[in-house]
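Read the structure below first, then the notes.
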Amino acid sequence: MMDEATIVSILTTYGYWAIFFIVALESSGIPLPGETTLVGAAIYAGHSGNMDIGLVIAAAAAGAILGDNIGFWVGREFGVKLLMRYGSHIGVGPPQLRLGQYLFMRWGGAIVFFGRFIALLRILAAVLAGANRFDPLKFLFYNAAGGICWALSFGLGGYLFGAAIHRVAGPLGWIGLAGAIVGAFVLWRYWKIHEERLTKEAEAHFERIDRRP
């Protein structure tokens with residue numbers, strides 16, 4: 001976490017590039033306060049007039065999109081290889097990998113889009129999408145849509161409502177995280193109950209793909 005004075009100091013020194021790089025690094029999988037930086041920059045723009053809110057939002061959206069694409073590439077290039085090599089130690093073999101890819105094909109768009117608004121998922125969603133071989137073009141669309149909506153929501157919120165948005169953004173993120181944990185548990189239970197059926201569906205799906213000319 002960074003306080004307002006720290007954010008102002010960074011912004012006055014590095015300007016819009018600070019927003020861009022902090023958000024991009026967080027989105028690529030490094031736990032940095034991207035949302036706090038965006039909201040702080042928006043509040044600073046509204047109170048001081050020294051920054052243009054349009055450029056603040058643009059820098060945050062661009063950083064989110066670029067960072068997520070880096071995270072997606074990391075997951076795609078290294079995530080599957082690591083799981084193939086070490087997954088057996090945690091009960092993840094080829095059938096589980098194919099099932100994960102199949103489920104991500106069905107619901108990956110929602111995970112990528114809404115993950116942008118949820119603490120922790122904002123850091124991990126892109127890497128998970130890459131590791132589960134989510135379609136790159138679909139990822140680009142949902143990633144860009146989520147990044148732009150997120151930057152607009154919190155950028156305009158900070159600009160229009162000032163420090164009050166700080167009291168909302170943090171709790172909303174943690175509520176979203178709690179909801180995501182509950183949702184993950186429900187999905188895990190559904191998975192365990194229907195794993196055999198879903199695995200057969202996944203295998204049949206990929207067999208059809210493999211048979212295509």
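For the pair I10 and T37, the minimum side-chain heavy-atom distance is 4.5 Å or more. Here the side chains of M51 and I19 are in contact, with some heavy-atom distance below 4.5 Å. With a 4.5 Å cut-off on side-chain heavy atoms, F117 and F154 count as touching.
Using a 4.5 Å cut-off between side-chain heavy atoms of Ile, Leu, Val, Met, Phe, Trp and Tyr, with links allowed through other members, V23 and L140 fall into different hydrophobic clusters. In this structure, F134 is not a member of the same hydrophobic cluster as V127, with clusters built from ILVMFWY side-chain heavy atoms closer than 4.5 Å.
Within the structure, the side chain to side chain donor-acceptor pair (under 3.5 Å) test picks out the following pairs touching residues 15-32 (sequence neighbours left out): E26-R122, S27-R116. Under the salt bridge (charged side-chain N to carboxylate O under 4.0 Å, His left out) criterion, no residue pair touches residues 43-59, with sequence neighbours excluded. For residues 56-66, no residue pair satisfies the salt bridge (charged side-chain N to carboxylate O under 4.0 Å, His left out) rule, not counting sequence neighbours.
Every residue was checked against the side-chain contact (heavy atoms from CB on, under 4.5 Å) condition with F141, not counting sequence neighbours, and none meets it. Under the side-chain contact (heavy atoms from CB on, under 4.5 Å) criterion, I53 pairs with A42, V56, I57, Y159, sequence neighbours left out. Legend: residues meeting side-chain contact (heavy atoms from CB on, under 4.5 Å) with L128, ordered by chain and number and at least two apart, are F104, L124, N132.
Rounding to the nearest 0.5 angstrom, the gap separating the CG atom in L11 from the OG atom in S48 is 9.0 Å. In this structure, OG in S153 is found 11.5 Å from CD1 in I148, a value given to the nearest 0.5 Å. For the atom pair I30 CD1 and F21 CZ, the distance stands at 12.0 Å (nearest 0.5 Å).
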Subject >> Verdict with supporting geometry, W150 and F114, ring pair (Phe, Tyr, Trp, His ring centres under 6.0 Å) >> reply: CA-CA 9 Å; W150 170 78; F114 291 107; over 10 Å; no
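The one candidate from L137, D68, I111, V112 that meets the side chain to side chain contact (heavy atoms under 4.5 Å, CB included) condition with Y142 is V112.
When every heavy atom of G147 is checked against every heavy atom of A64, the shortest pair comes out as CA-CB, 4.1 Å. The nearest pair of heavy atoms linking A60 to L38 is CB-CD1, 3.6 Å.
Side chain of N143 to backbone of F139: no donor-acceptor contact under 3.5 angstrom is found.
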